[in-house]
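Values reported hereafter were calculated over all heavy atoms of this structure, with side chains retained and with hydrogens, waters and symmetry mates removed. Note that ligands are numbered from 1 as they come in the structure, with each ligand's atoms numbered from 1 the same way.
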Amino acid sequence: MISVEQALKKIENTVKVSTPIQKALAESFGLVLAEDVLSPIDMPPFAQSAMDGFAISLNGATTFTLVGEVKAGDGHKFELKKGEAIRIFTGAPVPTSADVVVRQEDCKANSSTLEVNPLPKEGANIRSKAEQIAQGAIALKKGQLLNAAAIGFLATIGVTKVSVNPHPKVAILVTGNELVSPGADLKYGQIYESNAIMLQSSLKGYGISEAAVYRVKDDYTSTREQLEEMLKAYDVILCSGGISVGDYDFVGKALNELGVEEVFYKIKQKPGKPLYFGKKDNALVFALPGNPAAALTCFNVYVIKALNLLTGKRPQGLVRVQKKITEDFSRKGDRAQFLKAAICGDEVAVMEGQSSAMLHTYALSNALVYVPLEITSVKKGESVECILLSN
Ligand code: AMP
Ligand code: MG
């Protein structure tokens with residue numbers, strides 16, 4: 001069995017960033033730029049008024065002759081002589097012959113003359129041409145996350161397509177004879193299947209809106225056949241259940257028979273000890289434990305890391321912060337632990353009900369406290385490492 005840190009390192013060494021593709025800017029939210037974007041234009045493309053007021057050509061006096069008006073979108077080019085002014089509005093092009101824009105609050109105007117008090121400094125209230133970015137300069141660098149601001153910025157400079165590392169095609173394989181879909185009647189011995197919708201929701205939160213779900217009984221042949229099909233069609237396969245040591249756990253055997261190369265199997269951790277990670281050609285396979293809370297923790301700690309490596313996102317995993325624990329904590333056994341927990345301000349409270357089958361307490365959590373192998377107890381008020389859960 002390997003440690004949590006060894007497993008994370010193995011993922012880092014195995015997963016390569018996906019081949020860049022061109023995407024419409026509107027479809028690039030949450031992805032990462034695969035190359036620098038150079039600005040195709042000066043932004044602003046012309047000197048712009050930052051205020052509603054008057055553009056004036058200074059002449060040493062405080063009274064000016066009004067010769068016209070320019071509003072946002074007007075293409076008319078004015079030539080102002082010394083001592084002349086025009087009415088101007090926010091966003092309108094400032095004539096190159098104007099020295100300054102005066103706020104309308106600082107002016108008195110009638111139809112033909114304008115008095116200004118006080119006179120602002122030269123250049124005031126003018127957004128100069130290319131002040132944000134010049135044509136040909138690097139607008140955003142490779143590795144930049146395309147968040148709302150980045151997408152908005154690229155739109156301001158007229159970009160419509162970007163080169164990005166795409167999300168992988170992901171599919172989920174659910175195993176288990178006992179599972180029935182929510183909505184059906186439960187017979188004795190059956191439970192509702194929850195991992196598929198939970199993993200799909202996690203993937204949606206990540207930006208992967210579609211993940212196909214396949215279901216098999218605990219049967220070697222059907223597990224193998226289904227996985228064989230999936231390996232041909234998907235970049236990332238998430239198996240749920242059937243990876244432990246029970247007589248009816250067939251996922252590991254099927255993956256092995258199909259030539260999937262095991263990168264690791266079993267981690268010294270609680271929950272999620274039987275986590276498996278393997279690779280065949282370009283397909284990555286995570287076999288997650290069936291217990292729902294264990295499956296979600298493995299997704300949050302390991303699958304997110306692999307997805308970030310594929311898409312070039314930084315940091316590679318969920319954000320970790322230090323918080324003070326509200327109660328003493330000690331653990332038995334020789335496994336690192338991920339504890340469902342709730343952060344409030346500077347403190348973190350570990351939840352009651354840490355069973356790997358319990359999603360109820362997970363739903364009330366906003367973090368996982370990570371207790372590494374070398375730490376067996378923590379006193380109330382001591383700092384612990386918390387992994388922030390984003391969805
Ligand atoms: P397994 O890893 O297949 O041995 O499953 C471990 C536990 O998780 C068992 O109690 C299963 O019934 C439960 N389980 C497995 N898969 C799911 C699922 N998709 N939804 C809900 N519970 C599950
Ligand atoms: Mg099972």
Side-chain angles (χ1 to χ4, degrees), residues 1 7 170-205 208 210-227 230 234 236-258 260 262 264-278 285-303 333 335 337-340 351 353-365 368 391:
M1 255 200 285
V170 184
I172 297 165
L173 178 69
V174 174
T175 71
N177 289 352
E178 73 280 29
L179 305 173
V180 293
S181 294
D185 286 337
L186 280 184
K187 295 203 187 82
Y188 184 68
Q190 294 181 326
I191 59 166
Y192 287 126
E193 197 282 296
S194 57
N195 286 351
I197 197 169
M198 177 182 74
L199 295 170
Q200 280 179 313
S201 303
S202 285
L203 289 162
K204 266 187 205 152
I208 298 174
E210 276 174 43
V213 177
Y214 301 89
R215 297 166 201 279
V216 289
K217 294 284 178 204
D218 293 316
D219 163 77
Y220 172 68
T221 310
S222 44
T223 303
R224 184 191 154 129
E225 281 172 6
Q226 188 59 67
L227 278 169
M230 291 169 79
Y234 296 98
V236 174
I237 297 166
L238 305 178
C239 304
S240 152
I243 190 65
S244 296
V245 292
D247 291 352
Y248 299 93
D249 291 331
F250 295 117
V251 171
K253 183 176 173 213
L255 290 170
N256 188 38
E257 295 288 320
L258 289 166
V260 177
E262 179 186 307
F264 62 73
Y265 175 45
K266 291 192 176 166
I267 304 176
K268 274 187 229 157
Q269 65 177 9
K270 195 177 169 182
K273 179 171 134 189
L275 178 68
Y276 168 102
F277 175 52
V285 183
F286 283 94
L288 308 171
N291 271 313
L296 189 56
T297 290
C298 289
F299 182 93
N300 284 326
V301 176
Y302 300 98
V303 179
R335 287 189 276 162
Q337 277 197 282
F338 294 97
L339 304 164
K340 291 165 262 184
M351 294 279 173
Q354 289 295 333
S355 153
S356 58
M358 278 187 196
L359 278 183
H360 184 191
T361 45
Y362 220 132
L364 308 176
S365 300
L368 295 173
N391 50 65

Open item on the list: Need the ligand 1 atom indices (1-based, order shown) with element for anything under 4.0 Å from a heavy-atom of Glu193.
Closed with: 18 (C), 19 (N), 20 (N)
Open item on the list: Which of the numbered atoms in ligand 1 are under 4.0 angstrom from any heavy atom belonging to Gly241?
Closed with: 2 (O), 3 (O)
Task: Atom of Arg215, atom of Ala196 and distance for their closest heavy-atom approach - done: NH2-CB, 4.2 Å
Open item on the list: Restricting to non-hydrogen atoms, name the atom on Arg224 and the atom on Ala254 that form the minimum distance, rounded to 0.1 Å.
Closed with: CA-CB, 3.8 Å
Among all protein heavy atoms, pick out the one at the shortest distance from [atom]; state its residue, atom name and that distance to 0.1 Å.
| atom | result |
| --- | --- |
| atom 18 (C) of ligand 1 | Asn195 ND2, 3.4 Å |
| atom 11 (C) of ligand 1 | Glu178 OE2, 3.0 Å |
| atom 22 (N) of ligand 1 | Ile191 CD1, 3.5 Å |
| atom 7 (C) of ligand 1 | Asn291 OD1, 3.3 Å |
| atom 14 (N) of ligand 1 | Gly290 O, 3.3 Å |
| atom 4 (O) of ligand 1 | Asp249 OD1, 4.1 Å |
| atom 20 (N) of ligand 1 | Ser194 N, 3.0 Å |

TODO: Rounded to the nearest 0.5 Å, what's the gap from NZ on Lys340 to CG on Leu296? Could you check?
DONE: 9.5 Å
Open item on the list: To the nearest 0.5 Å, what is the distance between CD on Gln226 and SG on Cys239?
Closed with: 10.0 Å
Open item on the list: Within the 3.5 Å criterion, strictly below it, is a donor on Tyr362 or Thr297 matched to an acceptor on the partner's side chain?
Closed with: yes
Open item on the list: Heavy-atom pairs closer than 4.0 Å: do any link ligand 1 to the side chain of Pro292, the backbone, both, or neither?
Closed with: side chain
Open item on the list: Please work out, at 4.0 Å between heavy atoms, whether the side chain, the backbone, both, or neither of Leu179 comes within that distance of ligand 1.
Closed with: side chain
Open item on the list: So for Ser240, does at least one of its heavy atoms come nearer than 4.0 angstrom to any atom of ligand 1?
Closed with: yes
Task: Contact check, Tyr248 vs ligand 1, heavy-atom distance below 4.0 Å - done: no
A quick test of your reading: do over 12 heavy atoms of other residues, nucleotides or ligands sit less than 6.0 Å from [atom1] of [X]?
| X | atom1 | answer |
| --- | --- | --- |
| Glu210 | CD | no |
| Tyr192 | OH | yes |
| Ile197 | CD1 | no |

TODO: Kindly confirm or rule out an N or O of Gly242 lying under 3.5 angstrom from an N or O of ligand 1.
DONE: yes
- [ ] Please indicate whether any nitrogen or oxygen in Pro289 is less than 3.5 Å from any nitrogen or oxygen in ligand 1.
- [x] no
Open item on the list: Check the orientation of Tyr220 and Phe250. Use parallel for under 30°, tilted for 30 to 60°, and perpendicular for over 60°.
Closed with: perpendicular
- [ ] From the options Leu238, Asn195, Leu275, select the one residue that forms a side-chain contact (heavy atoms from CB on, under 4.5 Å) with Phe299.
- [x] Leu238
